[in-house]
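Note sheet for the following structure.
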Amino acid sequence: MNSLKNNKLGIYNDKELSNIEYILFNNKYHLINEAYTFNCESIFSTDYLEKLHIFLFNDIYDLEYCKIRNIDSLITEANKLLQEIKEMLIFNDTNNLPNKIFELWEYQLFLDENTRTILCFLKILSKNYDLNITYNFNNDVKENYFINKVIDSIKIKKYV
């Protein structure tokens, strides 16, 4: 879907929209910390991912554009996967975490900006579960992220 047609800022220039999106996204991205919740619900649900996505992008795009694509099978499968990720973290079995995060991204739950939302979700997981991920979450996200950059960052360092 073309984000130029769906932005609520009335911007019809790709470069200008990208610049505004960069500033607004990074401000929100840096607000996220280990205690980032919405009404105390589980972070392991598509409802949570949708609220996270809305938080990140609703200043730029209409609410309907920020919601999860309404496909029941997609939502069901994504929720099952999120429960698998939860179990992995509870049992401290993170070897397959990069594959599961990639699989979650593959669902393409949103019309746009899926990678940055998954990056923010990973940041929240990292903080909540004290994962020692090699990615520096303090940096700005300076480009349209490719999922392999996110996945490659999930090299869990072993504590010595």
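The chain is numbered in sequence order, starting from 1.
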Q: May I ask you to decide if I32's main-chain N or O and K123's side chain share a donor-acceptor pair within less than 3.5 Å?
A: yes
Q: Give me the ring orientation class for F110 and H53: parallel if the planes are under 30° apart, tilted from 30 to 60°, perpendicular past 60°.
A: parallel
Q) Is a side-chain N or O of N79 found less than 3.5 angstrom from the main chain of T46, in a donor-acceptor match? A) yes
Q: Return yes if a side-chain donor-acceptor contact under 3.5 Å exists between Y22 and D140, otherwise no.
A: yes
Q | Separation of I133 CD1 from L122 CG (nearest 0.5 Å) | A | 4.0 Å
Q: Run the salt-bridge test on R116 and E21 with the 4.0 Å N-O cut-off and return the result as yes or no.
A: yes
Q) With a cut-off of under 6.0 Å to the ring centre and 45° to the axis, is K28 in cation-pi contact with F55? A) yes
Q.
For K67, is there any backbone N or O sitting under 3.5 Å from a side-chain donor or acceptor partner on E50?
A. no
Q | Over all atoms of both residues, closest heavy-atom pair of N114 and Q108 | A | ND2-OE1, 3.0 Å
(Q) So W105 and T117, do their side chains get closer than 4.5 Å, heavy atoms only? (A) no
Q. If you group Ile, Leu, Val, Met, Phe, Trp and Tyr by side-chain heavy-atom gaps below 4.5 Å, do L31 and L24 land in one group?
A. yes
Q | Check: E16 main-chain N/O paired with N13 side-chain donor or acceptor under 3.5 Å | A | yes
Q. Taking the inter-plane angle between the rings of F25 and Y29 on a 0 to 90° scale, is it parallel (under 30°), tilted (30 to 60°) or perpendicular (over 60°)?
A. parallel
(Q) Would you say that I71 contacts I75 through its side chain, given a criterion of any heavy-atom pair below 4.5 Å between the two side chains? (A) no
Q) CZ/F44 to CG/L81 distance, rounded to the nearest 0.5 angstrom? A) 11.0 Å
**Q.** Rounded distance (nearest 0.5 Å) linking atom OG of S18 with atom CD1 of I23
**A.** 11.0 Å
Q | For the student: nearest non-hydrogen atoms of C66 and I54, plus distance | A | CB-CG1, 3.7 Å
Q. Under a 4.0 Å N-O cut-off, is there an ion pair linking D59 with K8?
A. no
Q | Distance in Å, Q83 CD paired with M88 CE, rounded so as to fall on 0.5 Å steps | A | 13.0 Å
Q: Calculate, to the nearest 0.5 Å, the distance between atoms CG and CD1 belonging to L89 and I43 respectively.
A: 8.0 Å
Q: Taking the side chain as every heavy atom from C-beta outward, state whether L119 and F137 have any pair of such atoms under 4.5 Å apart.
A: yes
Q. Counting only N and O atoms by type, is there a donor-acceptor contact under 3.5 Å from the side chain of S42 to the main-chain atoms of S45?
A. no
Q: Could you tell me which non-hydrogen atom of N96 sits nearest to which non-hydrogen atom of N99, and how far apart they are?
A: OD1-ND2, 2.6 Å
Q.
Would the distance check show the side chain of N7 and the main-chain N or O of L9 forming a donor-acceptor pair, the cut-off being under 3.5 Å?
A. yes
Q) Taking all non-hydrogen atoms of both residues, which atom of V141 and which atom of Y135 are closest, and how far apart? A) CG2-OH, 4.3 Å
Q: Could you tell me the separation between the CG atom of L97 and the OH atom of Y129, rounded to the nearest 0.5 Å?
A: 11.5 Å
Q | Pair Y12-L17, side-chain contact (heavy atoms from CB on, under 4.5 Å): steps then yes or no | A | CA-CA 7 Å; Y12 297 101; L17 183 59; over 6 Å; no
(Q) Using side-chain contact (heavy atoms from CB on, under 4.5 Å), reason through R69 and L111 one step at a time and then give a plain yes or no. (A) CA-CA 7 Å; R69 295 184 299 136; L111 294 172; 3.6 Å; yes
